[in-house]
Amino acid sequence: MIPISVNNVQYNLDWKNVSFNPIENNNIQFALVEPQLDILVPKLEIDTYLVKEVNGVILKVRVQSTCENIRLVTTTDAISVLAGISGSAKSDHVNMSANITDVNLGKPKLSVQNLKCSNIAGFEDLVADEILQQFTQLDFYKPVLLSKMNELLAGQVEKYAAKAEKAIKDQVMTVDGLSAPLFSLLQINDQYIDIGFSLNNPDATFSNVTNYKLNSDGAMVVDKSELQDYIKQSLSAKLAKLSYSSKTITELDKLTRSRFKQFFVWPALMKLPKGQELILRPMLESLSFTLKPDSYVTNLNLTATAGIWVMGRNEQMVYLRSNLTAGSNVANAAQVKTTIQSLTSNAVWDQNFLKRYGASKRISTSIVDSTAEKFFNDNWATANLSVLKLTDTVSASLKKIFYSKDNKLYFELNLNN
């Protein structure tokens with residue numbers, strides 16, 4: 001064995017073609033077909049001692065030699081690579097990245113070429129054996145493999161990101177014009193894109209459907225709890241931007257103009273000028289929905305706590321908190337309209353208002369309930385999922401919604417070319 005330290009190694013990796021498989025379970029596989037790795041060691045200086053025992057005598061011989069232009073060629077049928085995909089998308093921009101998790105060289109063949117060493121005849125064979133021993137270890141040239149493969153992967157991920165951006169640039173899902181949620185990408189190939197909703201956690205990933213057979217071109221997957229949070233946040237954001245005038249609500253408008261009605265229904269209004277406009281500012285505190293597990297979704301039952309601040313002279317008077325239940329018929333995905341089924345309210349008074357005007361806290365809940373019910377029925381969000389634009393030339397129609405035992409909703413799609 002000759003102690004050799006190989007430095008200043010030059011690499012060149014080439015291949016016939018690259019074969020990429022579709023993304024699956026947030027992983028991508030690809031292979032370099034008929035790869036060839038050329039390894040060049042421009043110069044190798046050897047200055048060492050060989051120690052050998054001959055007939056009981058220890059011989060120590062100094063070996064000095066220079067080997068130049070050592071070329072090694074590694075060939076194999078294919079190098080296969082597995083990489084993990086991560087990323088998120090929002091609105092019309094997609095961030096994606098990939099990290100290689102496994103490299104399989106197959107059965108590489110390594111040969112040493114152009115090896116010429118000075119001073120010692122036949123020394124080339126010993127040097128070649130030692131170099132082959134070192135270069136059969138993957139770690140020796142793993143850095144160059146990873147560098148080249150990461151370049152390939154980055155280019156492919158760019159293409160996937162561009163394709164995904166087209167899929168969501170017109171918002172795959174909208175709720176009354178609100179922005180699209182975040183996404184994780186489950187699968188991409190030439191025929192379809194599977195997009196998993198990642199609503200509050202951009203790092204969340206979802207597995208493929210296990211107990212549910214897809215018979216469409218693809219599916220969007222959303223976790224029930226995250227969809228619930230998304231709907232709540234979306235409605236909250238929408239309602240927080242709205243304000244309404246009592247003049248647009250017949251019963252309230254009549255109440256502001258009638259002292260007689262105010263005395264029996266809402267005495268605090270008697271502290272305000274007759275006919276003064278009230279401003280209503282709605283809020284959504286909580287929302288949850290129930291679904292029948294392991295079935296197609298045809299009905300959605302909602303439970304929510306919502307409220308309306310009643311403002312007089314631009315100051316807070318009372319917060320009318322309503323606990324409500326609602327139902328939606330989602331069998332027709334073209335328009336999912338939610339209707340209030342029951343509602344009960346209570347009043348939370350602003351203490352500064354009570355002290356300033358010495359106002360009564362008495363208020364009729366019947367008029368509050370009927371007014372609040374009408375308000376939410378008139379202004380509840382409507383979701384339209386019937387047509388999803390994926391690219392400039394391809395759209396998808398929503399076929400069915402399936403709720404699985406793993407608490408995920410599968411939005412089954414059909415492509416329209």
Side-chain angles (χ1 to χ4, degrees), residues 1-24 27-50 62-86 96-162:
M1 179 178 179
I2 303 173
I4 294 176
S5 178
V6 181
N7 299 307
N8 301 319
V9 181
Q10 299 173 11
Y11 299 93
N12 181 53
L13 179 62
D14 200 3
W15 51 87
K16 185 176 181 180
N17 56 61
V18 185
S19 172
F20 279 94
N21 292 332
I23 291 178
E24 186 171 354
N27 287 292
I28 182 172
Q29 283 186 318
F30 67 95
L32 306 183
V33 181
E34 295 185 23
Q36 179 174 304
L37 177 63
D38 281 1
I39 305 166
L40 179 65
V41 182
K43 194 172 186 178
L44 186 61
E45 298 280 357
I46 300 172
D47 187 353
T48 187
Y49 286 91
L50 295 182
R62 185 176 185 181
V63 176
Q64 291 178 300
S65 183
T66 300
C67 307
E68 295 182 340
N69 295 321
I70 306 167
R71 182 170 177 249
L72 296 93
V73 178
T74 302
T75 58
T76 184
D77 292 334
I79 298 176
S80 62
V81 182
L82 181 67
I85 299 287
S86 62
M96 289 182 69
S97 61
N99 292 305
I100 293 174
T101 56
D102 187 44
V103 177
N104 187 338
L105 292 179
K107 296 180 179 179
K109 297 175 183 178
L110 185 63
S111 59
V112 179
Q113 302 173 7
N114 301 336
L115 177 55
K116 298 291 183 181
C117 298
S118 65
N119 298 334
I120 305 172
F123 190 57
E124 289 90 353
D125 292 340
L126 293 177
V127 174
D129 288 343
E130 180 58 29
I131 289 177
L132 286 173
Q133 287 283 342
Q134 293 192 30
F135 277 85
T136 52
Q137 304 299 314
L138 173 61
D139 288 343
F140 203 93
Y141 46 90
K142 190 174 183 179
V144 70
L145 285 175
L146 293 181
S147 174
K148 292 289 186 181
M149 292 174 188
N150 274 317
E151 286 180 19
L152 276 172
L153 196 55
Q156 190 69 14
V157 165
E158 267 188 42
K159 294 178 182 177
Y160 287 152

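We number each residue from 1, following the sequence as shown.
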Who pairs with Leu82 by side-chain contact (heavy atoms from CB on, under 4.5 Å), at least two apart in sequence or on another chain? Asn27, Gln29, Thr101, Asp102

Among all residues two or more places apart in sequence or in another chain, which pass the side-chain contact (heavy atoms from CB on, under 4.5 Å) test with Ala128? Val112, Leu115

Going from CG on Asn150 to CG on Asn99, what distance comes out if it is rounded to the nearest 0.5 angstrom? 7.5 Å

With rounding to the nearest 0.5 angstrom, report the OG1 to CD distance, Thr76 to Glu34. 10.5 Å

With the side chain counted from C-beta on, respond yes when [X] and [Y] share a heavy-atom pair under 4.5 Å apart, and no when they do not.
X: Val41; Y: Ile131; result: no
X: Leu40; Y: Asn12; result: no
X: Leu152; Y: Val81; result: no
X: Ile79; Y: Trp15; result: no

Evaluate the side chain to side chain contact (heavy atoms under 4.5 Å, CB included) criterion for residues Ile120 and Leu126: first the C-alpha distance (whole Å), next the side-chain angles of each, then the deciding distance (0.1 Å), finally the verdict. CA-CA 11 Å; Ile120 305 172; Leu126 293 177; over 6 Å; no

Locate the shortest heavy-atom distance separating [X] from [Y]; write the atom from each residue and the value.
X: Ile100; Y: Met149; value: CD1-CB, 3.6 Å
X: Pro42; Y: Gln10; value: CG-NE2, 3.4 Å
X: Cys117; Y: Val127; value: SG-CG2, 4.2 Å

Run the salt bridge (Lys or Arg N to Asp or Glu O under 4.0 Å) test against Asp125 and tell me which residues pass, sequence neighbours left out. none

With salt bridge (charged side-chain N to carboxylate O under 4.0 Å, His left out) as the rule and sequence neighbours excluded, what pairs involving residues 40-50 come up? Lys43-Glu45, Asp47-Arg62

Distance-only, no hydrogens or angles: does the Ser118 side chain make a donor-acceptor pair with backbone N or O of Thr66 under 3.5 Å? yes

So, using side chain to side chain donor-acceptor pair (under 3.5 Å) as the criterion, who are the partners of Gln36 when residues are at least two apart? Asp38

If the condition is side chain to side chain donor-acceptor pair (under 3.5 Å), which residues does Gln113 pass it with, not counting sequence neighbours? Arg71

